[in-house]
There are 2 protein chains.
Amino acid sequence: MPRPTVARRSNAGTKGVPRAEREGQIVQVATEVFGTLGFAATSVADVADRAGISKPLIYNYFGSKEGLFSACLHRAGAILAGELERVARGDAVGLERALRTLEGLFTLLEPQPWIWRLFFDPTVPRGEEGIAAEIALYTDRITALADQGVGEMLRLAGADDPLDVAALTAVWLAVADSLVTWWLDHPDETPASMTERCVRLFGVVLGAPLPAHVTAD
Amino acid sequence: MPRPTVARRSNAGTKGVPRAEREGQIVQVATEVFGTLGFAATSVADVADRAGISKPLIYNYFGSKEGLFSACLHRAGAILAGELERVARGDAVGLERALRTLEGLFTLLEPQPWIWRLFFDPTVPRGEEGIAAEIALYTDRITALADQGVGEMLRLAGADDPLDVAALTAVWLAVADSLVTWWLDHPDETPASMTERCVRLFGVVLGAPLPAHVTAD
DNA sequence: TCAATATGACTTCTGAGTAAGTTACCTCCG
DNA sequence: CGGAGGTAACTTACTCAGAAGTCATATTGA
């Protein structure tokens, strides 16, 4: 049956926004949603709504939900890994380096805190290939930096069990993650105030008396 | 059309397993799946399969997916919060108490490491009521304990900014979480070896030289 | 007029939740 | 002791909603 020939205004048709620009807008919106809700809980239709365009346009430009996530990932990854590597190239070691990293992180994440979440999203479909692999690309870079910093610190202290390094690296990443998360819950904090707070806390924790059996062992 | 009168053996009918026992089995399986995959990625049908029963039985007994999760939560919560409170009643303070807590945690989680995950599952639907509220019930208890320990430690060090306490509590919970997660990825470790590792790492980190501007500020 | 930009209205699939019926145990009456 | 029937334990086979992904079509700048 042919469609009724009634004059029905459609919203279709170009709005004069070039593809590159639209893609940028979409990626920005999508990053925020993915970062806030997680991959699984994010619906493409929702992203389309918030971006003020329609779902098929997203599929036109990004191919699939994973493709969209991938685009967000690469933008965020370039920013993040780049900054962290910049810090790592500095000559700080041990806790000094840790603090510098946190400072860089806070400054970097100030305008768009969600991008951090993309790399530590537990809801992305696991698998040897696909998104998971791309995430690994970046987390490996980040972990390598952390591992190097942690390893250096442990070596200075005369410890060199590789498993110790691995465990402490995991802990360190979690510490960074938790501070970012806490910051997200306390929007009044500035990067500077967060950094100061970290300096203060480092001081307190490290100044605390060691338990007897730690020194004894 | 009437059903064919052919003799078709159905699998229905009681298998003689009393409700309480069945519920226990289901909760055990469900806890593992929820804890491993997260709430969102877990399908009720999958749980039913693994438990060797059918989906409607789960709905019969637990009402809904949330109801099932809730049952897992309460079992796990009773175990977890109870143990942590036991440790907290001890007379250790500061880092000593931290180590004792970790030790208790590792021992407790040895047979069933997943239960920890239930309380820190980012994929549960947010909302003022429902599961989220029940989770909060337990995390509040856990957080309160952590907060108390952290607060005591900061007070001993002469610091008492409540936001500092809150932030350090978040960090401490993340540290515990990351150690459990790391352990999950290294199944060869025993509770004892994990505890030793923590003692060692505490020693190294706390023995590290303080950055200049930490002491300066 | 053609290519780029855009959309409404599908199809398809997955997973939560349900209706209705099946089987086995248990009790109580004879 | 034997069978009627009540009830608890269980399943098959659905419905229904929401989200991924697709198709055909519409609009407009160059």
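A, B, ... follow the sequence lines: proteins, then strands. Residue 1 opens every chain. Side chains included, hydrogens not; waters and symmetry mates left out as well; all remaining heavy atoms used.
Out of C:dA16, C:dA4, C:dG8, the shortest distance to the side chain of A:P56 is found at C:dG8.
Using a 4.5 Å heavy-atom threshold, the side chains of A:L108 and A:W116 count as separate. The shortest distance between side-chain heavy atoms of A:Y61 and A:V27 does not fall below 4.5 Å. At a threshold of 4.5 Å between non-hydrogen side-chain atoms, the residues B:R22 and B:I58 do not count as touching. Here the side chains of A:Q148 and A:R97 are in contact, with some heavy-atom distance below 4.5 Å. Contact annotation: the side chain of B:Q112 approaches that of B:I79 to within less than 4.5 Å [non-hydrogen atoms, C-beta and beyond]. The closest side-chain heavy-atom distance from B:L95 to B:M153 is below 4.5 Å. Annotation: side chain of B:V171 is not in contact with side chain of A:W182 (no heavy-atom distance under 4.5 Å). For the pair B:V124 and B:F34, the minimum side-chain heavy-atom distance is 4.5 Å or more.
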Quiz item: Dot-bracket for DNA chain D: what is it, with Watson-Crick or G-U pairs under 3.5 Å, [ ] where a pair crosses earlier ones, and | for a pair to another strand?
Solution: ||||||||||||||||||||||||||||||

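Using a 4.0 Å cutoff on non-hydrogen atoms, no part of residues 120-128 of chain A comes near DNA chain D. Taking a 4.0 Å limit (strictly below) on heavy-atom distances, residues 58-69 of chain B reaches DNA chain C at B:Y59, B:S64, B:K65. Within residues 18-42 of chain B, the residues approached by DNA chain D to less than 4.0 Å at the level of any non-hydrogen atom are B:P18, B:R19, B:R22, in residue-number order. Residues from residues 46-55 of chain B that place a heavy atom under 4.0 Å from any atom of DNA chain D, listed by number: B:I53, B:S54.
The pair B:R89-B:E85 does not meet the salt-bridge criterion, since no charged nitrogen lies less than 4.0 angstrom from a carboxylate oxygen. For B:D177 and B:R117, the salt-bridge test passes: some basic side-chain N is under 4.0 Å from an acidic carboxylate O.
Proximity of a side-chain donor or acceptor of B:S70 to a complementary backbone N or O of B:E66 within less than 3.5 Å is not detected. Judged purely by atom type and a 3.5 angstrom limit, B:S193 has no side-chain atom pairing as donor or acceptor with the backbone of B:E189. Checked by atom type and distance alone, the side chain of B:T31 never pairs as donor or acceptor with a backbone atom of B:I115 at under 3.5 Å.
Under the side chain to side chain donor-acceptor pair (under 3.5 Å) criterion, A:D164 pairs with B:R197, B:R200, not counting sequence neighbours.
Atom CG of A:L57 is separated from atom P of C:dA6 by 6 Å (rounded to the nearest Å).
Taking each heavy atom of A:A48 and A:K55 in turn, the nearest pair found is CB-N, 3.6 Å.
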